[in-house]
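Reviewing the structure listed below.
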Protein chains: 2
Amino acid sequence: MKETTLKQIAETLGISITTVSKALKNYSDVSPKTKQAVLDLAHSLQYTPNSFAVNLRTKESKTIGLIIPEVVHHFFSSVINGIIAEAEQHGYLVIILQSNESLELEKKQVALLLNKRVDGIIISLSNESNHDAHLKEILQREIPFVQFDKISKLIPSSKVLINDQKAAFEAVEHLILKGCKKIAHIRGPVNPQNAIDRFIGYKKALEQYNIPFDSRLVYTCKNVTFEEGKMFAKEMVSQHPDVDGVFVITDLVAVGVLAYFNEVQIQVPQQIKVIGFSNWFMSQVITPKLSTVDQPSYEMGVTAFNLLLQEIQSKKDSQSFEPQVIELNTKIIERESTL
Amino acid sequence: MKETTLKQIAETLGISITTVSKALKNYSDVSPKTKQAVLDLAHSLQYTPNSFAVNLRTKESKTIGLIIPEVVHHFFSSVINGIIAEAEQHGYLVIILQSNESLELEKKQVALLLNKRVDGIIISLSNESNHDAHLKEILQREIPFVQFDKISKLIPSSKVLINDQKAAFEAVEHLILKGCKKIAHIRGPVNPQNAIDRFIGYKKALEQYNIPFDSRLVYTCKNVTFEEGKMFAKEMVSQHPDVDGVFVITDLVAVGVLAYFNEVQIQVPQQIKVIGFSNWFMSQVITPKLSTVDQPSYEMGVTAFNLLLQEIQSKKDSQSFEPQVIELNTKIIERESTL
DNA sequence: GGTAAAATCGAAAACGTTTTCGATGAAAAA
DNA sequence: TTTTTCATCGAAAACGTTTTCGATTTTACC
């Protein structure tokens with residue numbers, strides 16, 4: 001009960017391995033007769049090429065690697081969805097690894113993927129990532145490489161992004177236009193570029209509308225969790241009871257903020273308005289429904305894969321490839337929490 | 001700028017490829033001197049074995065395949081988390097595919113994984129799955145194979161499960177003990193074994209407590225969505241306004257039920273008590289907080305991988321392997337919706 | 001019939017590794 | 001010195017495919 005090989009087909013048909021291989025790949029220098037015979041026998045023996053051998057010979061595995069901080073996360077799982085769907089369409093499979101927001105793991109996983117000789121790598125950096133030697137290694141080995149969402153500006157690879165500054169600006173502007181005068185910000189960790197950019201967007205919006213920036217109104221998440229949202233909400237209302245609006249790094253944390261406000265009976269949006277980021281599914285099912293910034297996660301995955309595919313193709317054709325940076329559009333979703 | 005190979009190391013050191021290979025794998029018939037020389041040079045040239053060649057030679061890829069109905073799903077993404085974490089621990093990578101609840105896709109993806117020659121396959125069946133020829137194919141090719149959660153009873157592979165009947169029984173019993181007299185059930189689609197089992201558990205609990213079963217109180221989801229939850233809730237209260245408890249196939253749908261009750265100001269738990277299934281994260285952040293059945297999803301992933309690994313190992317050692325069925329424990333989480 | 005062109009085929013190398021088994025030389029025992 | 005043992009090494013096959021390039025056969029043409 002062994003696997004069928006070209007050799008077996010060749011021997012039973014009394015022809016050479018070469019011809020069998022060519023017949024299966026529809027080469028023009030095989031007569032219709034032999035071609036048919038090979039096809040028939042291959043089919044009846046359920047021949048499938050040994051992909052290990054194909055990989056070795058062609059030096060590609062039709063497999064790409066994906067490293068993300070967390071799988072159990074609405075945004076990232078949506079991106080995964082986009083990537084594996086698009087990859088499958090184009091005949092690629094996806095190996096997924098999770099850095100758990102740890103730089104150490106991320107490094108190890110990049111090494112793993114390089115050793116596996118995947119055809120390309122897509123990554124969203126962990127919050128801890130402030131080194132990029134491992135990313136440079138990818139470039140240096142000339143492995144097609146795309147970053148998305150949480151990226152390193154210093155690495156000249158293709159990127160798929162949203163304009164975090166602009167999106168954050170719009171979110172804070174939304175609060176201002178709804179009448180907020182004193183707006184706090186619960187920001188993400190210090191390293192990630194998108195946390196930085198959203199913070200900048202927050203400041204710019206305040207500036208634009210002549211609201212003084214007060215660094216005491218900025219709270220910095222470490223782990224970006226529901227619990228941190230509750231904690232900072234509590235801290236915030238005790239320190240600055242007159243805050244009337246808060247812009248939160250992401251919906252998960254914002255939901256924590258709402259949970260605390262619910263507990264202590266602070267009225268949202270009457271007393272404080274809240275806006276989140278990323279449009280997690282849960283934001284539309286909680287009370288009050290959370291206003292947020294919609295981020296095209298699925299599309300982000302699709303775009304990231306297609307960029308990678310372009311680079312893989314040009315590498316195969318030994319063409320040069322210019323890294324591209326694609327910015328996708330966000331939009332404000334107004335719900336009850338800022339009504 | 002080519003990849004380093006054994007051949008290169010051998011030539012620069014003036015020894016044979018064989019010896020280089022043995023040195024790197026710490027064979028005993030290589031002198032300490034040569035061993036060290038090889039190790040040093042390999043390190044300075046950043047040698048990593050070509051995994052394509054290793055795969056071909058050893059007939060294994062240290063890669064497993066995972067097929068699940070949906071990635072963007074709290075339960076499944078938690079299982080993924082468990083599987084890839086445990087797999088990485090043991091030196092395996094995981095290719096993830098998504099059947100989108102489609103039998104057709106599922107079949108195709110099994111074929112994809114078989115062609116890729118993964119070392120093993122873990123699967124949770126799609127709702128549409130009522131055929132199992134593709135699963136039999138896996139067994140017939142003697143690929144290590146584990147099913148979890150949504151399984152086919154007819155396929156004698158290893159399985160990781162919860163006792164859906166028992167868990168559902170306990171959930172409904174919980175409603176009864178809280179005083180519910182007329183309990184509806186929003187069930188899952190007709191095919192999946194776990195939807196069937198939860199339905200049976202529901203009936204058994206009613207029977208045990210002498211509550212007559214009424215098939216009109218059973219609503220059958222097609223897509224298991226938030227929207228279906230809202231829809232069936234509406235249908236239910238209009239047809240049977242005296243229902244005072246409802247057991248829902250999964251939290252996502254239950255959250256839809258709560259959303260409708262919220263809209264039309266039906267008091268939960270005063271008028272109707274609601275219990276879900278699976279303990280999705282969002283269940284603890286909505287109002288009222290949803291009671292549910294906790295299902296050890298991460299642990300399920302870990303267990304599934306370890307079962308697969310056992311089978312992979314015994315196959316390598318040409319030992320026989322008896323498929324195992326492991327049942328993990330669930331527990332009722334009491335929250336506001338059944339208080 | 002002879003030659004040129006076209007159609008069809010296959011030998012062999014290559015991809016890079018692992019492993020078996022025999023060869024060689026040196027050290028130990030006789 | 002001869003024989004035996006042990007340590008160290010390498011030739012070569014194997015894994016299964018793809019592809020180049022030359023060889024052979026068939027067909028077409030004069």
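Convention: sequence-line order gives letters A, B, ...; per-chain numbering from 1.
Between A:A53 and B:T34, it is B:T34 whose nearest contact on DNA chain D lies nearer the 5' terminus. Judged by closest nucleotide on DNA chain D, B:T19 is the one of B:L56 and B:T19 placed further toward the 5' end.
For B:S16, whose side chain is taken as the heavy atoms from C-beta onward, the closest listed nucleotide among C:dT17, D:dT17, D:dG10 is D:dG10. Taking every side-chain heavy atom of B:I17 into account, C:dT17 is the closest of D:dG10, C:dC9, C:dT17.
Between the side chain of A:S28 and the base of C:dA7, no donor-acceptor pair under 3.5 Å is found.
For the atom pair A:S21 OG and A:Y27 OH, the distance stands at 6.5 Å (nearest 0.5 Å). Considering CD of A:E106 and CG of A:N100, their distance stands at 11.0 Å, rounded to 0.5 Å.
Looking only at distances, no side-chain donor or acceptor of B:D132 sits under 3.5 Å from a matching main-chain atom of B:L135. No donor-acceptor pair closer than 3.5 Å links the side chain of B:Q98 to the backbone N or O of B:I68.
Within the nucleic acid shown, B:S31 comes within 4.0 Å of sugar-phosphate atoms alone, with no base atom in reach, counting heavy atoms only. Here B:T5 lies in heavy-atom contact (under 4.0 Å) with sugar-phosphate atoms only. Using a 4.0 Å heavy-atom criterion, one finds that A:K22 contacts the bases of the nucleic acid, with or without backbone contacts as well. When heavy atoms are screened at a 4.0 angstrom cut-off, B:D29 is found touching base atoms of the nucleic acid.
The interatomic distance linking B:N55 (CG) with D:dA14 (C1') rounds to 16 Å, in whole Å. Rounded to whole Å, atom C1' of D:dT17 lies 9 Å from atom NZ of A:K25. Straight-line distance from the NZ atom of A:K7 to the C1' atom of C:dG10: 15 Å, rounded to whole Å. Rounding to whole angstrom units, CG of residue A:L6 and P of D:dT19 are separated by 12 Å. At whole-Å resolution of the value, CD in B:E11 and C1' in D:dG10 are 14 Å apart. As a whole-Å value, the separation of B:I9 CD1 from D:dG10 P is 14 Å. Remark: P of C:dT17 and CD of B:E60 are 16 Å apart, rounded to the nearest angstrom. Atom pair A:I15:CD1 and C:dC9:P shows a separation of 7 Å (rounding to whole Å applied).
Residue A:Y47 has a polar side-chain atom (N or O) positioned under 4.0 Å from OP1 or OP2 of D:dT17.
Shortest non-hydrogen contact noted between B:S78 and B:S297 is CB-OG, 3.1 Å.
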